[in-house]
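On a predicted model such as this, the values are computed, not experimentally measured, just so you know. Keep in mind that the numbers below use all heavy atoms, side chains included, and drop hydrogens, waters and symmetry copies. Sequence lines set the chain letters: A, B, ... in the order given, protein chains first and strands last, and positions in each chain run from 1.
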2 protein chains.
Amino acid sequence: MRSKTFENLAPEKQERVLDTAVEEFAQHGFHQASVNRMVKQLGIAKGSLFKYFGSKEGLFQHVFEHAVDLFKGPLKAARNAEGDTFDRLRLSLMAGLEFVQQHPRLYRIYLKVLFQENVPFREPFLQQVRGYSAKFLRPLLEDGMRRGELRADLDLDMAVFLIDGLFDRLLQSLTVPEVHPALHGLSQGDARQRIDQLMDFIRRALAANNGEQHA
Amino acid sequence: MRSKTFENLAPEKQERVLDTAVEEFAQHGFHQASVNRMVKQLGIAKGSLFKYFGSKEGLFQHVFEHAVDLFKGPLKAARNAEGDTFDRLRLSLMAGLEFVQQHPRLYRIYLKVLFQENVPFREPFLQQVRGYSAKFLRPLLEDGMRRGELRADLDLDMAVFLIDGLFDRLLQSLTVPEVHPALHGLSQGDARQRIDQLMDFIRRALAANNGEQHA
DNA sequence: TTCTATGGTGACCAGGTGGTCACTCTAGAA
DNA sequence: TTCTAGAGTGACCACCTGGTCACCATAGAA
């Protein structure tokens, strides 16, 4: 529980606390993160942090709510975009790219939570983040089928799996060097080129007319 | 360092120790795994375990070497397979599926290591496992291009990324419920159907003739 | 019957953990 | 000039961690 005390703090102090917590959780995950280390880094007493958030879990929850808030923004912009299905898919991937580039630490926290059991708030946290494919990707693809831009025999579950998986994997590769070393640390321009190549794959796999309308 | 003492033990005891360690590391990852818990589960004294492996790291290394050994087997079988490029890709995915179904805990350890920094032996461990795409996938695709089964304008890096990513993601979905809930806990038959659908996607995206030779 | 080599033991250690709480300090109200 | 509300403090707590080591048990050699 975030107490009133924390909200009364000067905004810049709130930010400093949040920033330090994000850094610590991104580096070490929930269990290995150390409250002592954070407090030392911040130069405040341990008691203060516990007055603010009640517990380590409370602090983590605050970080998590902050992350979900930041994540909602780019998503809305992509949802209302114009263009055909593939243009809109591309835009949503670009939105993901931008989020990961601006908040790499939050994305790293997400990945750690995903593959680590016993993390508090894991289920609700993942459910909210994954609302992405449920509330956004799927309707977009359904719409694409209605418009005849996608193959009529497409299995929707698998199409969602394909796109969601490839998008996530691309962002992972850009964030975690070991996932796919060749794709790590690309420049802005190179990253865009990779996105174009990826969209070309997806078009060939899903489009109604073998994806050759762009020749 | 695994000491001579451990190798002198009765094989069934060695197996029991290994099995317990695999379970603990799969559930909790390296840092959260507890030597005390393992020792309690095994019903032996803590000192014994340290006589065998010297340290928690030593025990982890033993588990890791065991995992790499098991992983090498199915890979060799897939490498020498007959058929066209897509048949061989399919076989290698089937090999991966079989490995994950027989050793889900080892795959969970791999995923935890991949997304957790500060784990001992992380780099050499991942390097060995990822030799998969370097030494197997890439030559297979190069061969496919020489044979003219793949589009001539294909970017090899991206093709490797695509296949590696989709294969890994499918196995992840089958292992970790939260990755893609719709694909978790499938029966043997359903899993094969998903593999066929996935291969269809890949064929459409990569094949020289728009992947329609199977009509 | 000694001696020795080897597996097995668990109380003990230093150090880190999340969490507590009686206390101080200070700005502003009365 | 008092009084008070609330931010800030850090020594302290119980607990858990990986790791140690003096000691014990026993099988087989001498």
Side-chain angles (χ1 to χ4, degrees), chain A residues 1-18 20-25 27-64 112 116-122, chain B residues 1-18 20-25 27-64 112 116-122:
Chain A
M1 284 301 135
R2 182 172 59 258
S3 77
K4 189 120 180 304
T5 303
F6 183 68
E7 279 157 18
N8 289 344
L9 259 42
E12 67 241 39
K13 182 162 185 180
Q14 290 187 34
E15 265 178 51
R16 233 169 67 77
V17 170
L18 178 63
T20 302
V22 166
E23 179 68 27
E24 180 73 15
F25 284 125
Q27 267 190 38
H28 301 97
F30 177 76
H31 291 289
Q32 278 291 110
S34 160
V35 175
N36 288 334
R37 236 176 353 228
M38 296 189 226
V39 153
K40 200 171 174 182
Q41 167 76 24
L42 282 166
I44 65 174
K46 182 149 48 156
S48 298
L49 248 193
F50 281 89
K51 276 241 169 82
Y52 302 161
F53 301 104
S55 67
K56 190 186 178 183
E57 283 200 12
L59 172 55
F60 186 66
Q61 189 178 16
H62 182 232
V63 167
F64 141 75
K112 287 210 163 76
Q116 193 150 25
E117 284 107 280
N118 313 330
V119 175
F121 314 112
R122 193 175 100 108
Chain B
M1 285 298 139
R2 182 173 57 257
S3 78
K4 189 123 179 304
T5 303
F6 182 68
E7 278 157 18
N8 290 343
L9 259 42
E12 67 242 39
K13 181 162 184 179
Q14 289 187 35
E15 265 179 50
R16 234 171 66 76
V17 170
L18 178 63
T20 303
V22 166
E23 178 68 29
E24 179 74 14
F25 284 125
Q27 267 190 38
H28 301 98
F30 177 76
H31 291 289
Q32 278 292 109
S34 159
V35 175
N36 289 334
R37 226 162 16 212
M38 295 188 226
V39 153
K40 199 171 175 182
Q41 167 76 24
L42 283 165
I44 65 175
K46 180 148 51 156
S48 298
L49 208 56
F50 280 90
K51 275 240 171 84
Y52 302 159
F53 301 103
S55 67
K56 189 184 177 182
E57 282 199 12
L59 173 55
F60 186 66
Q61 190 178 15
H62 181 234
V63 167
F64 141 75
K112 288 209 163 75
Q116 191 152 27
E117 284 106 281
N118 313 329
V119 175
F121 315 111
R122 192 174 100 108

K.L.:
Lys51(B) side chain: which of dG18(D), dA22(D), dG18(C) is closest?
P.N.:
dA22(D)
K.L.:
Return the nearest nucleotide to the side chain of Ser34(A); candidates are dG18(D), dG10(D), dT17(C).
P.N.:
dT17(C)
K.L.:
Looking only at non-hydrogen atoms, find the nearest pair between Met38(A) and Leu59(A) and report the distance.
P.N.:
SD-CD2, 3.6 Å
K.L.:
Is Tyr52(A) near enough to dG8(D) that one of its side-chain N or O atoms lies under 4.0 angstrom from OP1 or OP2?
P.N.:
yes
K.L.:
What's the closest nucleotide to the Asn36(A) side chain, out of dG7(C), dT17(C), dT9(C)?
P.N.:
dT17(C)
K.L.:
Side chains of residues 9-18 of chain B: which donor-acceptor pairs under 3.5 Å do they make with residues two or more places apart or in other chains?
P.N.:
from	atom 1	to	atom 2	distance (Å)
Gln14(B)	NE2	Phe6(B)	O	3.1
Gln14(B)	NE2	Glu7(B)	O	3.1
Gln14(B)	NE2	Leu9(B)	O	3.1
Arg16(B)	NH2	Leu42(B)	O	2.7

K.L.:
Does any N or O in the side chain of Lys56(A) come within less than 3.5 Å of the main-chain N or O of Ala33(A), such that one atom is a donor and the other an acceptor?
P.N.:
yes
K.L.:
Determine: side-chain N/O of Asn8(A) to OP1/OP2 of dA7(D), distance under 4.0 Å, yes or no.
P.N.:
yes
K.L.:
Which nucleotide in the list dG10(D), dG8(C), dG19(D) gets nearest to the side chain of Ser55(B)?
P.N.:
dG19(D)
K.L.:
Let me know the distance between CD of Glu7(B) and P of dG7(C), rounded to the nearest Å.
P.N.:
11 Å
K.L.:
Are the side chains of Gln116(B) and Phe30(B) in touch, meaning some heavy atoms are under 4.5 Å apart?
P.N.:
no
K.L.:
For the base of dG19(D), is there a side-chain donor-acceptor partner from Lys56(B) under 3.5 Å away?
P.N.:
no
K.L.:
Could you say whether Gly47(A) or Lys13(B) is positioned toward the 5' end of DNA chain C, judged by the nucleotide with the nearest heavy atom to each?
P.N.:
Lys13(B)
K.L.:
Assign Ala10(B) to base, sugar-phosphate, or nothing according to its heavy-atom contacts below 4.0 angstrom with the strands shown.
P.N.:
nothing
K.L.:
Grab the CG-P distance between Leu49(B) and dG10(C) for me, whole Å please.
P.N.:
14 Å
K.L.:
State which of dT9(D), dT20(C), dG8(D) makes the closest approach to the side chain of Phe50(A).
P.N.:
dT20(C)
K.L.:
Check whether any side-chain heavy atom of Gln32(A) lies under 4.5 Å from a side-chain heavy atom of Asn118(B), and answer yes or no.
P.N.:
no
K.L.:
Looking at Ser48(A), does any N or O in its side chain come under 4.0 Å of the phosphate oxygens OP1/OP2 on dA7(D)?
P.N.:
no
K.L.:
So, is Lys46(B) near the phosphate of dC16(D), with a side-chain N or O under 4.0 Å from OP1 or OP2?
P.N.:
no
K.L.:
Report which part of the nucleic acid Thr5(B) touches: base, sugar-phosphate, or nothing (heavy-atom distance under 4.0 Å, all strands).
P.N.:
sugar-phosphate
